[in-house]
There are 2 protein chains.
Amino acid sequence: MTADTASLTASRSPRGPRQDNRRQPLLDAAAALFRARGFHAVTMREIAKSAGMLAGSVYYHFPSKDDLLVSVYEEGVRLIADRVEEACQDTENPWEKLEAACRAHTEMLLDESDYAQVILKVMPEDVPSGEEQLIACRDGYESLFRNLVDDLPLAPTVDRTMLRLTLLGALNSAKNWYRSGGMPPGEVAMKMIELLKNPLQEKGSRV
Amino acid sequence: MTADTASLTASRSPRGPRQDNRRQPLLDAAAALFRARGFHAVTMREIAKSAGMLAGSVYYHFPSKDDLLVSVYEEGVRLIADRVEEACQDTENPWEKLEAACRAHTEMLLDESDYAQVILKVMPEDVPSGEEQLIACRDGYESLFRNLVDDLPLAPTVDRTMLRLTLLGALNSAKNWYRSGGMPPGEVAMKMIELLKNPLQEKGSRV
DNA sequence: TCCTATACCAAACAAGCGTTTGTTTTAGGA
DNA sequence: TCCTAAAACAAACGCTTGTTTGGTATAGGA
C-alpha cells in the first residue's frame with residue numbers, strides 16, 4: 001500500500017529511494033525570484049541558495065536555466081487556467097462568466113501565485129530556446145478569454161477582438177500600480193469591467 | 001559666426017575641437033537595443049559595436065551602463081511627452097484633447113520611437129541605481145494624463161483614477177500584439193477609447 | 001606650426017555567469 | 001547489513017560581463 005502510493009507519487013523513475021522531493025521547492029524558489037526580478041537578472045546560484053542547495057545541484061533536476069524557466073512558466077499558466085476555468089463554472093450567464101474569469105485572473109496575477117506572476121514578468125523573447133513553447137502556452141490560455149468574449153451578447157458594432165485585448169491589457173497592467181492592502185484584486189477587475197460596460201457620460205448630463 | 005553656432009551646438013564643454021559628436025549615435029544604438037531585448041540582455045559590447053566603436057570607448061560618453069539607460073529613458077519620456085502635449089493643443093474640447101493625447105501616445109509607443117518604447121520594455125526596478133529617477137520621470141509623464149482625465153465631463157459615479165489606469169494599461173498593452181502593417185496605431189487608440197465611452201450592450205438589445 | 005583637449009583604440013581586469021565533472025552523502029529495498 | 005540509485009556537494013571549467021587603464025590619432029585655436 002505504502003509502496004504503491006509512493007510509486008504513484010513519483011514523477012520519473014519508480015526505482016530507488018526518495019524521488020524528486022526537492023524539485024518542487026526548487027521550482028518555488030525559481031518562481032519567486034523570476035517574478036520579482038525577471039529572467040536575466042536572476043542567477044542559478046541565487047535560485048539554488050534560496051532552495052537550500054548549490055548551483056550545480058540544480059542541474060540534477062533541470063537540464064538548463066532556460067528549461068527551469070519554461071517549467072515555471074508552464075506551471076504558472078496551468079495554475080491560472082485551472083483557477084479561471086473553475087470560476088467560470090459557477091454560472092451560465094455569459095457576463096457573469098466573464099466577470100468571474102476576470103476576477104480569478106486578476107487575483108492570481110496580483111496576489112496569490114508567484115508562478116502566475118512570472119507570466120507577466122518574463123516575456124517569451126527573453127528565453128530564445130523556449131520562446132515558441134511559451135508563446136503557445138500563453139496563447140492557449142488567452143483563447144479561454146476569446147471564447148468568453150465571443151459568447152457575450154454585444155451591440156453588433158463592437159469589435160470583440162479589440163474588447164478582449166483592451167480588457168486583458170487593462171487587467172494585466174494592474175500589476176504596475178497595485179499594492180496589496182488597498183482595493184482587493186477582484187474589485188479591480190470588476191471596476192474595469194464596469195468601465196467598459198457602462199457609458200462614461202450620463203445619458204442626461206449637462207454641458 | 002561659425003564659431004558661435006558651433007559653440008552653441010556643443011552640449012558640454014565649449015573648449016576644444018569637435019564636441020560629443022558621437023554621443024547621439026551611441027544613444028540611438030542603445031535605445032534600439034534596449035527596446036528590442038531589454039536592459040539585462042544587452043551588453044556594452046553590442047551597443048558599442050552598433051555605434052561603430054569598442055566597448056571601452058562608450059565610457060568616454062557615459063560613466064556606466066546604468067547611466068546610459070537612464071539617459072535613453074529620460075530622452076524617451078521627453079520625446080513622448082513633447083509629442084503628446086503638442087497634440088493636446090489642437091483643441092479645447094476635453095474629450096478631443098484626451099483622444100489626441102492617446103493617439104500620439106500610442107503612435108510613439110507602437111511605431112515611431114525606439115526611445116519611447118524603452119519605457120515599456122525597461123522597468124525601473126531593472127536598474128537599481130537609477131530606479132527612483134526613472135519612476136519620477138515616468139510619474140511626471142503620467143500626471144499629464146491625470147489632468148486630461150480630470151477635465152473630462154463624466155458621470156459622477158465614474159472613478160477617474162481607475163479610468164486613467166484602465167486606459168493607459170490597455171493602450172500600453174498593445175505593444176504585445178500590435179504588428180505594423182495592420183491597423184494604424186492611432187486607430188488602435190481611438191477604438192479603445194470608443195470601447196470605454198460607449199456601452200457594450202445596445203440600449204434595446206434583446207436577450 | 002605647435003599645443004591641447006577630444007575621442008577613440010587595444011588590452012586587460014576582476015567578478016560573475018551558466019554549466020560540467022568527479023565524488024560523497026543518504027535513504028530505502030533485498 | 002549490504003547494495004544501489006537518488007540527490008546532493010565541492011570545485012573547477014570556459015566564457016562573458018561591466019569597467020579600467022594607458023596609449024594614440026585627430027582636429028581646431030593660438
Side-chain angles (χ1 to χ4, degrees), chain A residues 1-7 9-27 29-30 33-34 37-70 126-130, chain B residues 1-27 29-30 33-34 37-71 126-130:
Chain A
M1 183 163 61
T2 49
D4 279 337
T5 55
S7 68
T9 306
S11 60
R12 296 203 296 192
S13 161
R15 280 188 266 277
R18 75 208 149 117
Q19 273 118 6
D20 266 357
N21 41 357
R22 301 274 300 159
R23 193 177 190 265
Q24 193 60 42
L26 207 44
L27 279 169
L33 286 166
F34 285 145
R37 312 223 314 277
F39 180 69
H40 289 293
V42 171
T43 71
M44 293 297 269
R45 284 167 177 82
E46 286 179 290
I47 296 169
K49 186 173 186 178
S50 172
M53 55 175 75
L54 296 182
S57 310
V58 178
Y59 289 81
Y60 179 79
H61 301 276
F62 300 94
S64 73
K65 188 189 181 188
D66 287 22
D67 280 88
L68 174 53
L69 184 275
V70 169
D126 291 340
V127 195
S129 88
Chain B
M1 184 161 62
T2 49
D4 279 336
T5 54
S7 68
L8 286 172
T9 307
S11 60
R12 297 205 295 193
S13 163
R15 281 187 267 276
R18 74 208 149 113
Q19 273 119 6
D20 267 356
N21 42 358
R22 301 276 299 159
R23 193 178 192 264
Q24 194 60 44
L26 208 43
L27 278 169
L33 286 165
F34 285 147
R37 313 225 313 277
F39 180 69
H40 289 293
V42 171
T43 71
M44 292 298 270
R45 282 166 178 82
E46 286 179 290
I47 296 168
K49 185 172 186 178
S50 172
M53 55 176 75
L54 296 183
S57 310
V58 179
Y59 288 82
Y60 179 78
H61 300 276
F62 300 94
S64 72
K65 188 189 181 188
D66 287 23
D67 280 86
L68 174 53
L69 183 276
V70 170
S71 291
D126 291 339
V127 195
S129 89

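Just so we're on the same page: letters track the sequence lines, and every chain starts at 1. Predicted, not measured: the structure shown is a model, and the values here were computed from it.
Annotation: side chain of B:Ser71 is in contact with side chain of B:Arg23 (closest heavy-atom distance under 4.5 Å).
Atom CZ in B:Arg22 sits about 19 Å away from atom P in D:dA25, given to the nearest Å. When rounded to the nearest whole Å, the span between OH of B:Tyr60 and C1' of C:dA10 equals 18 Å. Here D:dC9 presents its C1' atom at 6 Å from CG of A:Leu54, a figure rounded to the nearest Å. The nearest whole Å value for the distance from the CE atom in A:Met53 to the C1' atom in C:dT26 is 14 Å. Between B:Leu69 atom CG and D:dG18 atom C1' the separation is 14 Å, expressed in whole Å. If you measure from atom CZ of A:Phe62 to atom P of D:dA7, you get 12 Å, rounded to the nearest angstrom.
In this view, B:Ser50 satisfies the side-chain hydrogen bond (donor to acceptor under 3.5 Å, both in side chains) rule with no residue, not counting sequence neighbours. Partners of B:Ser64 by side-chain hydrogen bond (donor to acceptor under 3.5 Å, both in side chains), not counting sequence neighbours, listed by chain and number: B:Asp67. The salt bridge (Lys or Arg N to Asp or Glu O under 4.0 Å) search around B:Arg37 returns B:Glu46, not counting sequence neighbours. Every residue two or more places apart in sequence or in another chain was checked for a side-chain hydrogen bond (donor to acceptor under 3.5 Å, both in side chains) with B:Asp126, and none qualifies.
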- Item | Per-nucleotide protein contact string for nucleotides 13-19 of chain C, where B marks a base within reach and S marks sugar-phosphate only (heavy atoms under 4.0 Å, - for neither) | ----BBB

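Residue B:Ser57 places no side-chain N or O under 4.0 Å from the OP1 or OP2 atom of C:dA7. For A:Asn21, no side-chain nitrogen or oxygen approaches OP1 or OP2 of D:dA6 to under 4.0 Å. Applying the 4.0 Å criterion to OP1 and OP2 of D:dA6, one finds that A:His61 has every side-chain N and O outside that range.
Between the A:Arg22 side chain and the A:Ala51 main chain, a donor and an acceptor come within less than 3.5 Å of each other.
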